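Right, one structure below, let's go through it.
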Amino acid sequence: MNSENTQATILLIYTGGTIGMIRDSQTGLLKPFNFARLLEEVPELSKFNIKIDTYSFPEPIDSSDMHPGIWAELAGIIGSRYAEYDGFVVLHGSDTMSYTASALSFMLENLGKPVVLTGSQLPIGTIRTDGKENLITSIEIAAARHNSLPVVPEVCVYFEYKLYRGNRTHKYNAEHFDAFHSPNYPALAEAGVHIQFNTAAFLPMPAAALRVHTAVNTNIAVLKLFPGITPQLVQAVLHTPGLKAVILETFGSGNATRQPWFAQMLEDAIQRGIIFLNITQCAAGRVEQGRYETSSAFARIGVVGGSDMTTEAGVAKLMFLLGQNLSTEEIKAQLSVSLRGELSQVI
Ligand code: ASP
């Protein structure tokens with residue numbers, strides 16, 4: 001697809017993660033090391049006809065320490081250097097990569113260039129590392145252009161030969177190189193002998209200029225239902241000080257216990273202005289409130305059905321919307337529509 005004469009320029013950003021880790025000789029634990037050494041492990045990069053500039057976070061982290069402050073920093077870096085580059089590659093630990101990809105998709109409104117998140121299951125300095133292929137192909141994807149336009153105008157996750165829409169991904173395997181799934185949306189590209197782009201699945205190229213939103217509100221909770229859940233637990237979560245919104249992780253197509261105390265507690269919380277988003281615990285498929293009797297109360301009391309959104313996308317979307325100074329009704333309306341391709345709208 002790279003049919004251009006001019007050299008593509010990309011910015012490679014290192015936040016941390018296994019790809020750049022080394023085993024501490026004293027403790028035996030994996031910890032982040034320095035970015036320059038990571039690049040030394042991939043001499044292949046100098047063979048690319050792509051100009052690669054780099055930016056490393058001063059203190060690389062294991063992505064389990066990721067937080068919205070770093071999402072905002074990342075979005076700010078991409079926003080302030082947007083005009084200079086054809087695409088961006090973000091090296092990130094796989095543990096919370098789907099959360100960061102989701103958050104960036106909301107923060108970068110009208111994105112028209114690729115932002116590819118990648119990492120690895122084995123450090124790049126180890127012989128069997130998956131990091132080299134992930135890094136090299138991500139750079140190629142971020143640099144790909146066609147008719148002077150970047151090929152992929154989205155925030156994506158690239159792992160083990162597959163490119164996915166970032167806000168559709170879920171880390172499902174802690175061990176396999178193939179660590180991510182996109183259960184409800186097809187891959188955007190597959191890397192074999194050639195990189196095959198599934199252009200029909202891309203978001204449309206935006207007509208307006210990039211807008212970067214960095215404000216978020218983290219006063220949310222994820223309440224995963226299970227048989228035997230107690231009123232005390234639900235009560236405690238719903239009375240968390242400052243709470244603004246709750247993702248209810250429900251059974252199957254969005255179902256929950258019919259015990260009266262449960263619906264009553266939700267209704268009370270809704271009266272207090274708390275927003276509820278219904279997302280299924282199933283890895284694939286979608287929420288259909290009202291299909292079963294066990295979900296019929298939700299629509300009546302004002303719980304928003306999350307369709308086939310992942311919990312990761314739901315968390316990022318709620319934090320983003322709560323940060324935008326919208327009314328409760330506006331937030332509820334935006335939750336059930338697709339803002340960045342994060343859910344399938346059923347008409
Ligand atoms: N714990 C690591 C992290 O998320 C795992 C990885 O990089 O894949 O940073």
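Indexing begins at 1, ligand by ligand and atom by atom, following the structure's order. Since this is a predicted model, take the numbers as computed values, not measurements.
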Quiz item: Should S120 be listed as contacting ligand 1, given a heavy-atom distance under 4.0 Å as the test?
Solution: yes
Practice problem: May I ask you to check whether over 12 heavy atoms, not counting those of E175, lie within 6.0 Å of atom CD? | Solution: no
Self-check item: Test: K162 cationic atom under 6.0 Å from F180 six-membered ring centre, within 45° of axis
Solution: no
Quiz item: What protein heavy atom sits nearest atom 5 (C) of ligand 1, and how far off is it?
Solution: T18 OG1, 3.2 Å
Quiz item: Nearest to atom 9 (O) of ligand 1, what protein heavy atom do you find, and at what distance?
Solution: S63 N, 2.7 Å
Quiz item: Under 30°, 30 to 60°, or over 60°: which ring-plane class applies to F320 and H213, parallel, tilted or perpendicular?
Solution: perpendicular
Practice problem: May I ask you to list the atoms of ligand 1 that are less than 4.0 angstrom from any heavy atom of G17? | Solution: 7 (O), 9 (O)
Self-check item: is_close_aromatic(Y161, F159), centroid dist under 6.0 Å
Solution: no
Self-check item: Whether F202 and F197 hold their rings parallel, tilted or perpendicular, with breakpoints at 30° and 60°
Solution: perpendicular
Quiz prompt | Heteroatom distance test (S94, ligand 1): nitrogen or oxygen, under 3.5 angstrom | solution = yes
